[in-house]
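In this chain, numbering begins with 1 at the start of the sequence shown. A quick note: this is a predicted structure, and the numbers were derived from the prediction, not measured. Only this structure's heavy atoms are used, side chains among them; waters, hydrogens and symmetry mates stay out. Remember, it's 1-based here, ligands and their atoms both numbered in the order they're listed.
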Amino acid sequence: MGSASAWVEGHDLMSDSPRGMTPLGVLFALLIVVGAAIALLEKALRYPSLAHALGPYLGLRNHVLEHWVVSLAIALLVLVTIGAVFLGLKKLSAGLNRWRDRVAGLAFTKESYELPPRDYSLGALVRENPAGTDQVVLGLSDEGKPVYLTDHARSMHVHVLEQTGSGKTRSVIEPLAFQDLWRGRGVLVLDGKGSEENEERLASMAAAAGRLSAVKNFTLNPFRRSHTYNPLHLVPDADPQAVRLPGFCGQSVNDFWTSRNR
Ligand SMILES: Nc1ncnc2c1ncn2[C@@H]1O[C@H](COP(=O)(O)OP(=O)(O)O)[C@@H](O)[C@H]1O
Ligand SMILES: [Mg+2]
């Protein structure tokens with residue numbers, strides 16, 4: 001027992017159990033056996049006493065050698081047989097594997113975890129939002145009921161977790177940003193990707209909300225036009241506290257961020 005080996009009830013899990021033969025192995029073994037048999041028969045023909053006993057084989061052999069069409073047909077038949085045997089063995093091996101899985105309780109049926117697509121109008125949901133000033137629409141629940149996210153809950157951070165390309169930006173972040181634009185709220189988007197697509201969609205959403213002229217787009221991409229901002233430039237009588245959170249956002253929706261007790 002090596003120190004790196006794992007043992008369960010005396011079985012060494014780290015060492016490979018001897019594998020059964022693969023279909024290709026069985027096919028090779030069969031070809032070798034058939035080839036050896038033919039080679040032995042050919043050898044036996046050299047001894048007159050044995051050649052007599054092998055009369056039927058000799059007759060067949062001479063017939064095949066004399067008629068090339070028969071030789072060709074036999075060659076084709078052999079090729080087809082080899083293919084059929086190989087496929088048969090593969091199917092047998094797959095069947096055995098399935099049976100082994102079933103016996104071991106590992107034969108899982110295929111199930112999809114994809115959510116079925118659902119037709120709905122975000123615009124209609126937003127219009128029907130009963131408290132549009134305090135909450136935004138997230139989407140529909142499994143039962144088809146609208147799901148709302150209150151501004152208060154949302155101010156405590158929102159995580160959207162899914163794999164890349166699954167629709168986080170399109171299905172969650174954009175609808176939230178759009179509703180904020182629509183409600184006249186401030187929207188600050190930091191896009192690490194800096195993709196033109198995101199930039200243009202944000203501009204389109206702002207335009208749809210009638211606020212395109214208020215969009216300021218800052219990009220480090222030298223091939224794109226960017227707005228500029230000089231943080232050192234102070235106009236006379238500027239309030240140095242202007243960027244303090246409550247000042248920036250107006251009345252905070254959540255005391256958590258302004259309370260001195262936290
Ligand atoms: N419901 C949808 N219907 C059609 N295309 C979609 C949908 N959701 C996302 N997409 C497309 O899939 C791509 C990836 O979506 P995106 O929201 O950028 O994913 P993520 O932000 O999760 O990486 C985008 O090109 C987007 O247009
Ligand atoms: Mg994204």
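- Nearest heavy-atom pair, Arg118 versus Gly144, reported as atom, atom and distance to 0.1 Å: NH1-CA, 3.7 Å.
- Considering only heavy atoms from C-beta on, Val70 stays 4.5 Å or farther from Leu65 through its side chain.
- For the residue pair Val215 and His227, the shortest heavy atom distance occurs at O-CE1, 3.4 Å.
- The protein heavy-atom contact nearest to atom 1 (N) of ligand 1 is Ser171 OG, 4.4 Å.
- Note that the CD atom of Gln135 and the CG atom of Asn129 stand 4.5 Å from one another [nearest 0.5 Å].
- For the pair Asp134/Thr150, no side-chain contact is recorded, criterion being any heavy-atom separation below 4.5 Å from C-beta on.
- Between Lys193 and ligand 1, no pair of N/O atoms sits closer than 3.5 Å.
- For ligand 1, the atoms sitting less than 4.0 Å from at least one non-hydrogen atom of Thr164 are 23 (O), numbered in the order shown with element in parentheses.
- Ion pairing of Arg183 with Asp151 is present here, as a side-chain N (NZ or NE/NH1/NH2) and a carboxylate O approach within less than 4.0 Å.
- The two residues Ala206 and Leu181 come nearest to each other via the heavy atoms N-CD1, 3.8 Å.
- Nearest to atom 12 (O) of ligand 1 by heavy atom, out of Ser195, Gly165, Ser166, is Gly165.
- Salt bridge present: Glu197 and Arg170 bring a charged side-chain N and a carboxylate O closer than 4.0 Å.
- Geometrically, ligand 1 and Lys168 share a nitrogen or oxygen pair separated by less than 3.5 Å.
- Protein heavy atoms are absent from the space less than 4.0 angstrom from atom 4 (C) of ligand 1.
- Scanning the protein heavy atoms around atom 25 (O) of ligand 1, the nearest turns out to be Glu197 OE2, 4.1 Å.
- In this structure, the protein non-hydrogen atom closest to atom 16 (P) of ligand 1 is Gly167 CA, 3.7 Å.
- For the residue pair Val160 and Lys168, the shortest heavy atom distance occurs at O-CD, 3.5 Å.
- Nearest to atom 2 (C) of ligand 1 among the protein's heavy atoms is Arg170 CG, 4.8 Å.
- There is a protein heavy atom less than 4.0 angstrom from atom 27 (O) of ligand 1.
- Protein heavy atom at the shortest distance from atom 21 (O) of ligand 1 is Thr169 OG1, 2.7 Å.
- In this structure, atom 9 (C) of ligand 1 has protein heavy atoms in its sub-4.0 angstrom surroundings.
- When distances from atom 23 (O) of ligand 1 to the protein are checked, a heavy atom turns up under 4.0 Å.
- Not a single N, O or S atom of Thr164, from either the backbone or the side chain, sits less than 2.8 Å from the Mg ion (ligand 2).
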